[in-house]
Protein chains: 2
Amino acid sequence: MLRISKLTDYGTLILTHMAGHPERVYSAAGLAEALGLGLPTVSKVLKTLGRHALVSSQRGAHGGYVLARPPERITIADVIDALEDQPFGLTECSSSSGVCSIESDCRIRDNWLRINSVVREALQAVDIADMVHPARGSPFATASATEHRLHGPAPQPARAAAACIPAARADDQEI
Amino acid sequence: MLRISKLTDYGTLILTHMAGHPERVYSAAGLAEALGLGLPTVSKVLKTLGRHALVSSQRGAHGGYVLARPPERITIADVIDALEDQPFGLTECSSSSGVCSIESDCRIRDNWLRINSVVREALQAVDIADMVHPARGSPFATASATEHRLHGPAPQPARAAAACIPAARADDQEI
DNA sequence: ACTATACAGTACTGATTTGGTACTTTTAAT
DNA sequence: ATTAAAAGTACCAAATCAGTACTGTATAGT
Ligand code: FES
Ligand code: FES
């Protein structure tokens with residue numbers, strides 16, 4: 001469906017929130033409260049992010065999570081890599097070899113690989129620090145393949161579908 | 001999971017195959033045979049593509065499907081729009097408004113919209129004619145190829161996952 | 001007209017994936 | 001020792017996919 005999973009969306013939400021104070025230690029419970037998500041869910045996401053070294057964790061009494069690197073160094077592609085369990089790619093036979101029987105003489109596979117890399121570059125061009133701001137200048141423009149010629153200030157009618165907060169409240173910032 | 005559905009992948013496969021002889025009428029059965037897919041499945045995909053005016057159909061005895069426009073005018077984004085039933089976009093609350101409770105003061109939504117449009121442009125830059133060739137020069141770099149903005153109303157069909165041919169055979173070209 | 005062919009539409013079902021939750025264990029501070 | 005908080009494992013319910021079957025409709029050829 002060309003959508004990221006809800007968990008991944010939560011991940012960006014959480015990381016973006018944390019990027020407000022990059023040095024600070026956030027507890028899972030605090031984040032859940034601040035973002036209006038369930039604690040178990042937030043916990044799950046954070047654990048996974050920790051496993052992929054996007055956040056580092058501190059156990060015990062005053063423990064919690066901190067961004068493992070400055071928010072400018074965490075891209076959307078990183079978050080997707082961490083939270084989606086299939087390898088990156090729009091089609092299955094383009095993300096792993098040996099899956100498809102006609103792989104050898106498939107003429108479209110090669111093109112899918114290329115499309116994949118274009119999309120990936122687009123996602124790599126956006127980092128968590130960018131997400132904190134309400135879409136300023138043009139953090140994305142650089143996506144190499146697709147030049148943003150012809151779309152100036154006008155907001156694109158792009159649609160999307162993935163995950164948002166159902167009955168969430170973003171009291172925001174501090175927990 | 002950031003994957004297109006198998007059905008969508010089949011769609012590109014079918015359309016690419018048809019692009020070999022853009023004028024020719026292909027029967028669903030012939031395509032199924034040529035691509036090593038099940039007839040019901042191919043049929044389903046073609047029906048949907050027909051509904052979205054990517055192919056036109058001729059019923060009756062010598063009927064079949066023909067590309068509704070030259071392959072250069074059919075982009076990957078078109079195929080996705082036709083075969084995926086959720087509206088295009090990586091996250092749900094960036095797709096339709098009113099879905100998310102914190103939409104008004106959500107700072108990341110705006111960015112998702114932007115990411116969506118970058119990804120979409122990438123997908124719009126590749127057309128079926130490009131797919132016929134084994135990835136030549138740089139069909140993508142120049143979004144110029146097919147630059148028509150979004151078209152009509154929203155699509156409908158589709159699923160998500162990934163897809164390749166499990167035990168397929170691409171006898172290829174002619175049916 | 002009759003018949004064979006081929007698309008159109010609808011609906012169903014099994015399988016897979018996802019999202020969320022619960023429970024148990026480990027670590028650290030007080 | 002007690003408490004706070006993360007880590008790990010496992011599980012279940014719901015949604016989504018993918019494929020198939022069945023019925024209807026239009027066209028070509030005889
Ligand atoms: S490699 Fe699987 S369809 Fe081309
Ligand atoms: S609009 Fe739903 S999370 Fe931002």
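Letters A, B, ... are given to chains in the order of the sequence lines, protein chains preceding strands, and every chain is numbered from 1. The model shown is predicted, which means the values in this text are computed figures rather than measured ones.
Taking only side-chain atoms of A/L7, from C-beta outward, the nucleotide of D/dA18, C/dG20, D/dA6 with the closest atom is C/dG20. Side-chain atoms of A/A28 lie closest to D/dA6 of the nucleotides D/dA6, D/dC17, D/dG19. For B/T41, the listed nucleotide lying nearest its side chain is D/dT20; candidates were D/dA7, D/dT20, C/dG9.
Nearest heavy-atom pair, B/T12 versus B/D9, reported as atom, atom and distance to 0.1 Å: OG1-O, 2.7 Å. The two residues B/D127 and B/A129 have their closest heavy-atom pair at OD1-N, 2.9 Å. Closest heavy-atom contact between A/M131 and A/V126: SD-CG1, 4.0 Å. The two residues A/H52 and A/A82 come nearest to each other via the heavy atoms NE2-O, 3.5 Å. Between B/S27 and B/G30, the shortest heavy-atom contact is OG-N, 2.9 Å.
Within a heavy-atom distance below 4.0 Å of DNA chain C, the residues of residues 53-66 of chain A found are A/Q58, A/R59, A/G60, A/A61, A/H62.
Straight-line distance from the NZ atom of A/K6 to the P atom of D/dA14: 14 Å, rounded to whole Å. Put simply, CZ on A/R3 is 11 Å from P on C/dT18, counting in whole angstrom units. Rounded to whole Å, the distance from CD1 on A/I80 to P on C/dT18 is 14 Å. Between the NZ atom of B/K47 and the P atom of D/dG19 there is a distance of 14 Å, rounded to whole Å. Regarding A/K44, its NZ atom lies at a distance of 18 Å from the P atom of C/dT24, rounded to whole Å. Between B/L2 atom CG and C/dT18 atom C1' the separation is 16 Å, expressed in whole Å. If you take CD of A/E92 and P of D/dA18, they are 10 Å apart, rounded to a whole angstrom. Atom P of nucleotide C/dT5 and atom CG of B/L39 are separated by 14 Å, given to the nearest angstrom.
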- Query: Reading DNA chain D 5' to 3', what string of ( ), [ ], | and . shows its pairs, if Watson-Crick and G-U wobble pairs count only when both distances fall under 3.5 Å?
  - Reply: ||||||||||||||||||||||||||||||
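Proximity of a side-chain donor or acceptor of A/R3 to a complementary backbone N or O of B/G89 within less than 3.5 Å is not detected. Here the side chain of A/E84 pairs no donor or acceptor atom with the backbone of A/I4 at under 3.5 angstrom.
Taking the ring centroids of B/Y26 and B/H17, they lie under the 6.0 Å cut-off.
Look at A/S5 and you'll find a side-chain N or O under 4.0 angstrom from OP1 or OP2 of C/dG19. Distances shown here put every side-chain N or O of B/Y26 at or beyond 4.0 Å from the OP1 or OP2 atom of C/dA6. Regarding contacts with the backbone of D/dG19, a side-chain N or O of B/Y10 is found under 4.0 angstrom from either OP1 or OP2.
B/L90 has its side chain within reach of A/L123: a pair of non-hydrogen atoms, C-beta onward, lies under 4.5 Å apart.
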Side chains of residues 60-79 of chain A: which donor-acceptor partners sit under 3.5 Å, not counting sequence neighbours?
from	atom 1	to	atom 2	distance (Å)
A/R69	NH1	A/R73	O	2.6
A/T75	OG1	A/A77	N	3.3
A/T75	OG1	A/D78	N	3.1
A/T75	OG1	A/D78	OD2	3.2
A/D78	OD2	A/T75	N	2.9

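If you find the closest nucleotide of DNA chain C to B/A29 and to A/T8, the one lying nearer the 5' end belongs to B/A29.
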